[in-house]
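Encoded as structure tokens, the structure appears first; notes follow it.
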Amino acid sequence: MNIADKLVAMVLALVAFAAVIGLVLLVVSLLERRGARRVAWFFVGPTVLLLLVGLVYPAGRTVVRSLYDAAGSSFVGLSNYTAVFSSPDQLVVLRNTVLWVLVTPVVATVVGLLYAIWVNGARGEAAAKALIFLPMAISFVGASIIWKFVYEYRFYDPTVANNPAQIGLLNQLLVWVGLPPQQFLLNQPWNNLFLIVVMIWIQAGFAMTILSAAIKAIPAEIVEAARLDGVTATEMFRFVTVPAIRPTLVVVLTTIAIGCLKVFDIVRTMTGGLYGTSVVANEFYTQSFTAGNQGLGAALAVLLFILVIPIIVYNVRQLRRAEAR
């Protein structure tokens, strides 16, 4: 396609976009004459239809598929769910998922909170915040590739004088201090923690941004009153800052927890779920598209959906309580 053809295609695309927008505005203006309710249904209707087609129907099909065997031909009832909680391999998957959900939100939130307090009001605050927020601009796959190079290992023989140079940052640091390099992504169970570090690195910037905004929203009168009472920095943090931003802390913790339940890209890119690092989302993909076990894959997808629901419900309740105050 030459430049002229590209220009024509671009113009046609712009004209088509303008025509669609014009049609929408025309329909809205006609419906406004018949009442606001018709306008509301004009926008809500397509959304509801898309939810039914893109979410409700696939979810129902997944639940039904989870009750059948690997080929989807024989009804097996709850056998797939039983396998999830009885198979040694699946128990490792559940253990890893629990580890992600327990460790990542807490550590990422603590790091983000301490960093937000540390740089609050300091010189160069914007630059300092941008530095820790930058990983949020990187995709999970991109971040995984970066950290895969950080953990990179090359064969090392302490009895040989000329070992190959380590290109992984961590292993090169170990060599410099006289320690042998390690296979960070292979050695169980610590390899799971090294994968979790990648998620913490990404989510700490998110936590810092949200919590920093919450800290700045604390009324100045409360802070001044606490200082006049002679509270220490630790007491200010414990009795003023944390209670004031508690709803925001809950939102940050639950949001990161939901992300950890659904984590897939990091595990798939760095280890492929091997060496005891698989989690529910990765195992669902592996069983469905690699192992060909559609029933077990569907059961894992349903389990993932069930695990996310309580966190979302708790998050919504906390938001409503915060708005009611």
*Write down the atom of Ser73, the atom of Tyr68, and the distance for their closest heavy-atom approach.*
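Closest pair (atom of Ser73, atom of Tyr68, distance): C-CD2, 4.1 Å.
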*Closest contact, heavy atoms only, Gly205 versus Thr209*: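 Nearest heavy atoms, Gly205 then Thr209: O-OG1, 2.8 Å.
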*How are the rings of Phe184 and Phe194 set to each other: parallel, tilted or perpendicular (split at 30° and 60°)?*
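Phe184 vs Phe194 ring planes: perpendicular.
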*Report the relative orientation of the aromatic rings in Tyr115 and Trp118; use parallel for angles under 30°, tilted for 30 to 60°, perpendicular for over 60°.*
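Rings of Tyr115 and Trp118: perpendicular, as their planes differ by over 60°.
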Hey, does [Y] have a side-chain heavy atom less than 4.5 Å from the side chain of [X]?
| X | Y | result |
| --- | --- | --- |
| Thr97 | Trp100 | no |
| Pro181 | Val175 | yes |
| Tyr81 | Ser66 | yes |
| Thr109 | Leu211 | yes |

_Pair Arg238 + Glu235: basic N to acidic O under 4.0 Å_ =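 Salt bridge between Arg238 and Glu235, a charged N being under 4.0 Å from a carboxylate O: no.
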*When you check the gap from the basic side-chain N to the acidic O, do Lys148 and Glu152 get nearer than 4.0 Å?*
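No, Lys148 and Glu152 are not salt-bridged.
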Atom [atom1] of residue position [X] - does it have more than 12 heavy atoms of other residues, nucleotides or ligands inside 6.0 Å?
| X | atom1 | answer |
| --- | --- | --- |
| Lys262 | NZ | no |
| Arg95 | CZ | yes |
| Phe264 | CZ | yes |
| Phe75 | CZ | yes |

_Among Asn282, Asn192, Thr277, Asn191, exactly one meets side chain to side chain donor-acceptor pair (under 3.5 Å) together with Thr271. Which residue is that?_
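Answer after filtering Asn282, Asn192, Thr277, Asn191: Thr277.
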Answer yes if [X] and [Y] sit in the same cluster of Ile, Leu, Val, Met, Phe, Trp and Tyr residues linked by side chain heavy atoms under 4.5 Å apart, and no otherwise.
| X | Y | result |
| --- | --- | --- |
| Met199 | Leu261 | no |
| Val302 | Leu55 | no |
| Val242 | Ile117 | yes |

*Show the numbers, then the answer: is there a side-chain contact (heavy atoms from CB on, under 4.5 Å) between Val76 and Leu67?*
CA-CA 6 Å; Val76 295; Leu67 303 177; 5.8 Å; no
*Ignoring hydrogens and angles, state whether a donor on the side chain of Thr269 or Asp265 is under 3.5 Å from an acceptor on the partner side chain.*
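Thr269 vs Asp265: no donor-acceptor pair found between side chains.
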_If hydrophobic residues (ILVMFWY) are linked whenever their side-chain heavy atoms come closer than 4.5 Å, directly or via other members, who joins Val110 in its cluster?_
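Reading the cluster by chain and number, Val110 sits alongside Val106, Leu114.
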